[in-house]
Amino acid sequence: MDLHPDGHDLIAYVQRSLEEGEEFQFLGFELLHRLNITQIQVKLARLKSSIEKERDVSSSNGELLEKTLRDYVAAIRDYQFIRKQKGIKETEIRDRKLVLDQFFQSAEDHNDHFPTHYTIRQDADEEIDPIRQASMKCLPSRLTWSKVERRHRKGDYMVGKQPKRVSKFVDHSVRLVVALAGGFLLGVPMVIIMRQPSPMKSMLAGSSFVLFIAFVLAFGVKVSNVETLVATFAYAAVMVGIVGTTMGCT
């Protein structure tokens with residue numbers, strides 16, 4: 001069985017992908033990665049048994065050991081890299097399989113040889129927080145797509161798919177909304193506390209807004225545990241200052 005695809009089909013497939021501005025996706029091949037790691041593990045186990053039996057490491061065994069260990073580490077690293085990538089949606093998987101079958105399906109292939117797990121390259125610093133994700137879904141495409149991504153993924157933009165990266169407009173808009181919300185969350189409790197102030201009213205208002213801030217930080221923004229704790233403490237300290245000032249004035 002010839003494992004190499006036809007060169008003309010390869011060029012046609014890649015050319016179509018470039019012309020349509022399609023974001024490149026690759027197969028996960030979970031089965032093959034696990035098979036590769038397992039067979040190297042077995043080879044290393046047998047090599048270890050041979051060395052322990054002979055109580056000696058020959059030059060050939062030494063070279064084989066060095067090469068196999070290097071292959072083992074590389075296989076694990078490659079597998080971890082694939083596992084960290086972002087998977088695509090079910091609808092995109094069906095479309096991708098259809099295109100691959102159209103270009104590369106052969107009568108000699110056994111069953112469905114294109115896996116159902118596809119991934120796209122997405123670095124850790126490209127993760128998008130829930131607030132920006134919601135903005136990208138609600139705002140018009142001409143605002144959520146950056147010029148660079150629109151040029152690279154022309155086909156996806158034309159059919160109305162969502163962008164993969166945050167545009168400058170969405171980023172700046174969310175920053176503005178967060179800044180205004182911060183002022184709002186400080187001004188509103190001040191107004192509530194200062195209208196007919198009382199200790200019970202001040203405590204309830206302050207505690208309620210501190211809890212609200214904690215929920216927003218926990219579910220609306222992707223920050224670390226330490227950053228969430230520091231931000232909550234900072235807001236609580238401001239609320240304590242407002243309550244203390246109000247009580248002192250009254």
Side-chain angles (χ1 to χ4, degrees), residues 23 77 80-90 119-150 152-153 156-157 160-250:
E23 186 168 24
R77 189 186 300 117
Q80 290 175 336
F81 174 82
I82 292 293
R83 295 281 293 179
K84 288 179 181 178
Q85 304 314 308
K86 181 181 178 182
I88 65 176
K89 299 178 182 179
E90 289 293 332
T119 61
I120 58 175
R121 181 74 175 96
Q122 182 164 7
D123 296 326
D125 57 359
E126 292 179 349
E127 294 183 358
I128 304 173
D129 60 85
I131 298 178
R132 285 174 172 79
Q133 286 180 352
S135 301
M136 292 165 67
K137 290 180 181 178
C138 298
L139 293 174
S141 300
R142 65 178 182 278
L143 300 178
T144 57
W145 283 73
S146 64
K147 293 182 179 179
V148 175
E149 189 174 9
R150 195 183 306 173
H152 291 166
R153 298 177 55 208
D156 291 342
Y157 173 75
K161 291 185 178 181
Q162 291 185 10
K164 304 291 185 182
R165 295 170 180 81
V166 181
S167 66
K168 289 184 178 180
F169 179 84
V170 172
D171 185 52
H172 295 164
S173 299
V174 170
R175 290 175 186 272
L176 176 61
V177 170
V178 170
L180 294 176
F184 179 80
L185 291 173
L186 285 177
V188 171
M190 288 179 61
V191 173
I192 294 175
I193 292 172
M194 295 184 69
R195 288 178 63 86
Q196 299 178 352
S198 67
M200 182 59 68
K201 181 181 178 182
S202 300
M203 290 297 297
L204 287 175
S207 301
S208 300
F209 276 89
V210 169
L211 287 175
F212 178 75
I213 282 293
F215 274 102
V216 170
L217 291 174
F219 297 101
V221 183
K222 284 189 176 182
V223 292
S224 65
N225 294 335
V226 175
E227 291 172 334
T228 303
L229 191 63
V230 170
T232 306
F233 278 166
Y235 186 79
V238 173
M239 293 305 303
V240 169
I242 294 174
V243 172
T245 303
T246 304
M247 293 296 99
C249 294
T250 56

Open item on the list: Quick check: do R175 and D171 have side-chain heavy atoms less than 4.5 Å from each other?
Closed with: yes

Task: Spacing of R150 atom CZ and T144 atom OG1 [to the nearest 0.5 Å] - done: 8.5 Å

Task: Atom pair CD (Q133) and SG (C138), whose distance is rounded to the nearest 0.5 Å - done: 11.5 Å

Open item on the list: Can you give me the closest heavy-atom contact between W145 and S167, atom names plus distance?
Closed with: C-CB, 4.0 Å

Task: Closest heavy-atom pair and its distance - S135, V170 - done: CB-CG1, 4.0 Å

- [ ] Could you tell me the separation between the CG atom of L229 and the CG atom of L217, rounded to the nearest 0.5 Å?
- [x] 10.5 Å

Task: Closest contact, heavy atoms only, P130 versus F219 - done: CG-O, 3.7 Å

- [ ] Calculate, to the nearest 0.5 Å, the distance between atoms CD1 and CE belonging to I131 and M136 respectively.
- [x] 13.5 Å

Open item on the list: Working to the nearest 0.5 angstrom, can you tell me the gap between M190 CE and S202 OG?
Closed with: 12.0 Å

Open item on the list: I need the minimum non-hydrogen distance between M239 and P189, along with the two atoms involved.
Closed with: CE-CB, 3.5 Å

- [ ] Mind checking the CZ-CG spacing from F209 to L185? Nearest 0.5 Å is all I need.
- [x] 6.5 Å

Task: Nearest atoms (heavy-atom pairs only) where I192 meets A205 - done: CG2-CB, 4.2 Å

Open item on the list: Quick one, K168 and S146 - any side-chain contact, counting heavy atoms below 4.5 Å?
Closed with: no

Open item on the list: With heavy-atom distances below 4.5 Å as the criterion, would you say the side chains of Y235 and L186 are in contact?
Closed with: yes

